[in-house]
Amino acid sequence: MWDLLLDIDVVEGPFLIAMYVIASAFFVYLLGRGDGWSWVLTVIVLLIVGAIIGGAALWIAINVLNLFGGPVIDATWLWVPAASAAILLAIWNLWHSRWWRKLIALVAMPIFAFTALLGINATYGLDRTIGALLGLSTVDTIEIDAPDEPAAPDPTEPLYLTWTPPADLPATGAIGIPEPGVPNTASGFPARPAQVYLPPAALVADAPRLPLVIMMMGQPGEPDASFIGEVLDGYAAEHDGLAPIALVVDQLGDPMDDPLCLDTAMGDVETYLMQDVVPWARANLDVLQGRQFTTVAGYSNGGGCAAYLGAKYPEVFGNILAVSPVEYAGVDRSEQVLDTVFDGDQAAYDAVKPANIMAAKAPYPDTAAIFTAGENDAGFAPGAERLADAARGAGMLTTFALIPDADHGVSGLDGGLETGFALLYTRLGLAAP
């Protein structure tokens with residue numbers, strides 16, 4: 001029963017519609033407290049003042065407190081002021097009113113706030129269930145059987161030429177929390193459990209070794225493999241079940257924190273990713289070992305991590321897929337990061353920016369780098385394009401793609417992953433040129 005509640009769809013469907021209707025009914029009722037011009041003017045003033053309060057609070061949350069890791073989607077600037085205006089109207093109804101109107105006003109306030117949260121969440125489309133919205137996972141564990149023997153040298157022929165799908169090939173892959181899980185032995189970083197996507201070809205007897213993708217999601221966010229899993233399932237269906245194995249890991253520790261994908265006082269994230277995650281994946285997942293078959297990917301905050309790690313460790317990652325990435329760690333609050341993390345050392349801060357790393361380590365003779373952003377994502381697209389320019393200048397095989405009609409929500413994420421793997425499939429040996 002509990003899992004059924006947590007799995008309720010909050011992005012589309014009857015629950016979301018019901019909440020919109022309920023909130024609207026409360027709002028209309030609270031409007032009907034009186035009549036006459038003085039009442040109308042009072043309501044207008046209350047709604048305007050409430051909207052201003054909400055807009056100011058949102059501005060502080062984004063630009064001062066950095067609660068969301070960068071710019072927010074445009075719809076947020078409508079939902080938050082609207083909810084704030086409605087809440088102020090409800091507060092006004094607490095005075096000089098009968099007890100039942102007071103009760104309705106008290107009930108209405110959290111409903112207005114929750115409905116705004118649902119509306120914003122539906123616009124992003126990233127937390128698709130109540131469980132995801134609350135950070136409570138209903139994903140099952142998935143047993144990981146480490147290969148019995150050390151990995152043989154990677155094949156010289158592309159996998160699509162040597163692979164014959166068996167009759168019992170599943171139609172789709174599987175997603176779960178790997179058991180045993182990824183340790184944090186080297187780093188001590190308190191990462192949340194990773195999720196792994198195993199494509200159809202990985203679920204059969206005598207499965208072939210497959211390319212590896214290590215991916216990170218945005219902030220706030222969680223290591224959710226469902227998005228990349230759905231995209232790769234689509235490609236697997238067109239390529240005899242072949243797709244990379246994708247390990248989605250946590251670079252945040254807490255959804256409201258941004259430890260910058262570095263080793264700092266906020267946590268040894270880089271050590272976790274490079275000394276805990278990468279060795280565990282290569283030892284426990286049935287993956288090809290070569291850099292050509294190893295991709296670091298990410299979305300938003302995770303996209304910035306992907307650009308950073310791919311630039312710094314080309315001997316590990318032959319491919320970078322940065323979807324709607326932040327341009328560099330702490331870009332939205334660079335002065336604060338400079339002071340608090342780097343003690344005012346501008347050179348030290350500049351040294352961890354991906355574009356500068358690319359310039360310092362150039363040339364990159366055999367790295368494929370793909371940067372994408374939604375064409376309606378004004379907050380992130382310019383930075384993504386600058387990263388692509390830097391990668392191209394450093395000698396990487398670079399693609400920059402604007403996703404039509406996409407923003408910084410699920411449209412940009414799905415579109416970026418689809419575009420990225422369309423370009424990577426041949427390089428990974430999963431499709432003919």
Side-chain angles (χ1 to χ4, degrees), residues 141-163 165-166 169-170 172-183 186 193-216 223 225 228-229 231-233 235-236 239-250 272-298 302 305-306 309-310 313-321 366-368 417 420-421 424-431:
T141 58
I142 187 168
E143 293 294 328
I144 300 296
D145 296 322
D148 295 330
E149 300 177 358
D154 290 338
T156 56
E157 283 191 285
L159 186 56
Y160 79 92
L161 290 177
T162 60
W163 163 249
L169 182 75
T172 60
I175 291 173
I177 297 172
E179 181 60 44
V182 180
Q195 293 187 16
V196 66
Y197 163 78
L198 301 178
L203 301 177
V204 299
D206 299 319
R209 285 188 176 265
L210 294 164
L212 169 66
V213 177
I214 293 175
M215 182 173 178
M216 294 147 286
I228 191 171
V231 169
L232 291 179
D233 264 350
Y235 279 106
H239 296 91
D240 296 325
L242 292 175
I245 292 174
L247 182 66
V248 183
V249 299
D250 178 27
Y272 171 68
L273 296 170
M274 297 308 301
Q275 297 183 33
D276 287 323
V277 171
V278 171
W280 182 90
R282 286 181 164 175
N284 289 274
L285 301 176
D286 209 5
V287 294
L288 298 166
Q289 303 290 302
R291 60 179 300 279
Q292 174 186 343
F293 304 106
T294 307
T295 302
V296 60
C305 284
L309 296 175
Y313 300 100
E315 70 280 5
V316 176
F317 302 111
N319 313 299
I320 302 168
L321 174 53
D366 187 31
T367 293
L417 290 173
F421 285 109
L424 286 173
Y425 247 62
T426 297
R427 180 174 172 84
L428 298 176
L430 303 178

Closest heavy-atom pair and its distance - Gly298, Ala306
N-CB, 3.7 Å
Evaluate the criterion side-chain contact (heavy atoms from CB on, under 4.5 Å) for residue pair Ile214 and Leu309; output intermediate values, then yes/no.
CA-CA 11 Å; Ile214 293 175; Leu309 296 175; over 6 Å; no
Pair Asp366-Arg291, side-chain contact (heavy atoms from CB on, under 4.5 Å): steps then yes or no
CA-CA 9 Å; Asp366 187 31; Arg291 60 179 300 279; 3.5 Å; yes
pair Tyr197-Val213: side-chain heavy atoms closer than 4.5 Å
no
Residues in side chain to side chain donor-acceptor pair (under 3.5 Å) contact with Asn284, at least two apart in sequence or another chain
none
With a 4.5 Å heavy-atom cut-off, do Ile144 and Pro178 have their side chains touching?
yes
For the pair Trp163 (side chain) and Asp240 (backbone), establish whether a donor and an acceptor sit closer than 3.5 Å, ignoring hydrogens and angles.
yes
Considering all heavy atoms of both residues, which atom of Val182 and which atom of Ala194 are nearest to each other, and what is their separation?
CG2-CB, 4.1 Å
With sequence neighbours excluded, tell me which residues meet salt bridge (Lys or Arg N to Asp or Glu O under 4.0 Å) with Asp286.
Arg209
Measure from the side-chain N and O atoms of Gln195 to the backbone N and O of Pro223, and report whether any donor-acceptor pair falls under 3.5 Å.
yes
I need the minimum non-hydrogen distance between Pro199 and Gly241, along with the two atoms involved.
CB-O, 4.0 Å
Flag side-chain contact, heavy atom, 4.5 Å: Pro244 against Thr295:
no
Ignoring hydrogens and geometry, is there a side-chain-to-backbone donor-acceptor pair from Gln289 to Val287 under 3.5 Å?
yes
Sequence neighbours excluded, the answer for side-chain contact (heavy atoms from CB on, under 4.5 Å) partners of Phe293 is Asp154, Pro211, Leu288
Counting C-beta onward and ignoring hydrogens, is there a side-chain heavy-atom pair between Val204 and Pro165 closer than 4.5 Å?
no
Minimum side-chain heavy-atom gap Met215-Leu321 below 4.5 Å:
no
Say whether, by atom type as modelled, one donor and one acceptor occur between the side chain of Arg427 and the main chain of Asn319 under 3.5 angstrom.
no
Does a side-chain heavy-atom distance below 4.5 Å link Trp280 with Leu247?
yes
In sequence, state the C-alpha distance, the side-chain angles, and the governing distance for Val278 and Leu273, and then conclude on side-chain contact (heavy atoms from CB on, under 4.5 Å).
CA-CA 6 Å; Val278 171; Leu273 296 170; 6.0 Å; no
Side chains of Leu428 and Leu210 in contact at under 4.5 Å (non-hydrogen atoms):
no
Nearest 0.5 Å, please: how far is CG in Leu212 from CG in Leu285?
6.5 Å
Exam field: side chain Asp276 to backbone Ala186, donor-acceptor pair closer than 3.5 Å
yes
Scan Tyr160, Phe421, Tyr425 and name whichever one has a ring pair (Phe, Tyr, Trp, His ring centres under 6.0 Å) with His239.
Tyr425
Any Pro200 side-chain heavy atom under 4.5 Å of Asp233 side chain:
yes
To the closest 0.5 Å, what do you measure between CD1 (Ile175) and CD1 (Ile142)?
9.0 Å
